[in-house]
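Presented below is the structure to which this report refers.
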Amino acid sequence: MARYATPPGREEFHEEVWDLVCQIPEGRVSTYGRIAALATPPVGMDPPAYKAFGARWVGGAMAHCPEGVPWWRVINAQGKVSAREGEDRQRPLLEKEGVEFDARGRIDLANYAWPDDNARS
DNA sequence: ATTATGACTCCCA
DNA sequence: GTGGGAGCCATAA
């Protein structure tokens, strides 16, 4: 199985990602890019590549998501879960936590996105 | 060494 | 608002 994008020798990166995911409060969701932005990116990485760097590697970290990591709270910029079987699993899980889905199965990041750009300082 | 794929994101039509 | 294409990193064959 493709270990998928693994940071260039940055195991800590994965730990940081998992930690951030665990920090996501109940009833809130975050995006791969957001987590990546919060995590510590490699040095010398170009800005345009930065977004891709995080999104993909964070996804790789989720692929290795150890037990206790609410990976279902991590969604993509589209407001949906890209997980192979997460769509069916994430919906009830998030709904149970208080997250509402759009008619198209999309989540309102404006209300559930974490961390909130405005709220909490 | 090259090609193909992957739990992504951004830009343009 | 929706859809398709291109780009970035690393792994596996």
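Worth knowing before you read on, the calculation uses all heavy atoms, side chains too, and leaves out hydrogens, waters and symmetry mates. Chain identifiers are assigned alphabetically (A, B, ...) following the order of the sequence lines, protein sequences preceding nucleic acid strands; residue numbering begins at 1 within each chain.
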For A:Glu26, all residues meeting salt bridge (Lys or Arg N to Asp or Glu O under 4.0 Å), sequence neighbours excluded
none
Which part of the nucleic acid does A:Phe53 contact within heavy-atom distance under 4.0 Å: base, sugar-phosphate only, or nothing?
nothing
Let me know the distance between [atom1] of [X] and [atom2] of [N], rounded to the nearest Å.
X	N	atom1	atom2	value
A:His64	B:dG6	NE2	C1'	12 Å
A:Met62	C:dC9	CE	P	21 Å
A:His14	C:dC9	NE2	P	16 Å
A:Tyr32	B:dA7	OH	P	9 Å
A:Arg56	C:dA6	CZ	P	15 Å
A:Glu87	B:dA7	CD	C1'	13 Å

Which value, rounded to the nearest 0.5 Å, describes the distance between [X] atom [atom1] and [Y] atom [atom2]?
X	Y	atom1	atom2	answer
A:Gln78	A:Leu109	CD	CG	10.5 Å
A:Arg106	A:Phe101	CZ	CZ	12.0 Å
A:Tyr32	A:Asn76	OH	CG	6.5 Å

In this structure, are over 12 heavy atoms from other groups packed under 6.0 Å from A:Glu95 atom CD?
yes
Over all heavy atoms of both residues, which pair between A:Ala61 and A:Val17 is shortest? Give the atoms and the distance, please.
CB-CG1, 3.9 Å
Of the non-hydrogen atoms in A:Ile35 and A:Ser30, which two are nearest, and what is the gap between them?
CD1-OG, 3.5 Å
Sub-4.0 Å heavy-atom contacts from residues 98-111 of chain A onto DNA chain B, ordered by number
none
Please list, in numerical order, the residues of residues 73-81 of chain A that have a heavy atom closer than 4.0 Å to any atom of DNA chain B.
A:Asn76, A:Ala77
Counting side-chain heavy atoms from CB outward, which of [options] is closest to [X]?
X	options	result
A:Trp71	B:dA7, B:dG6, B:dC10	B:dA7
A:Ala55	C:dC9, B:dT9, B:dA7	B:dT9
A:Thr31	B:dA7, C:dA10, B:dT9	B:dT9
A:Trp57	B:dC10, B:dA7, C:dA10	C:dA10

Aromatic rings A:Trp57 and A:Phe53: how do their planes relate, parallel, tilted or perpendicular, breaks at 30° and 60°?
perpendicular
Hey, are A:Arg73 and A:Glu97 close enough for a salt bridge, meaning a charged N less than 4.0 Å from a carboxylate O?
yes
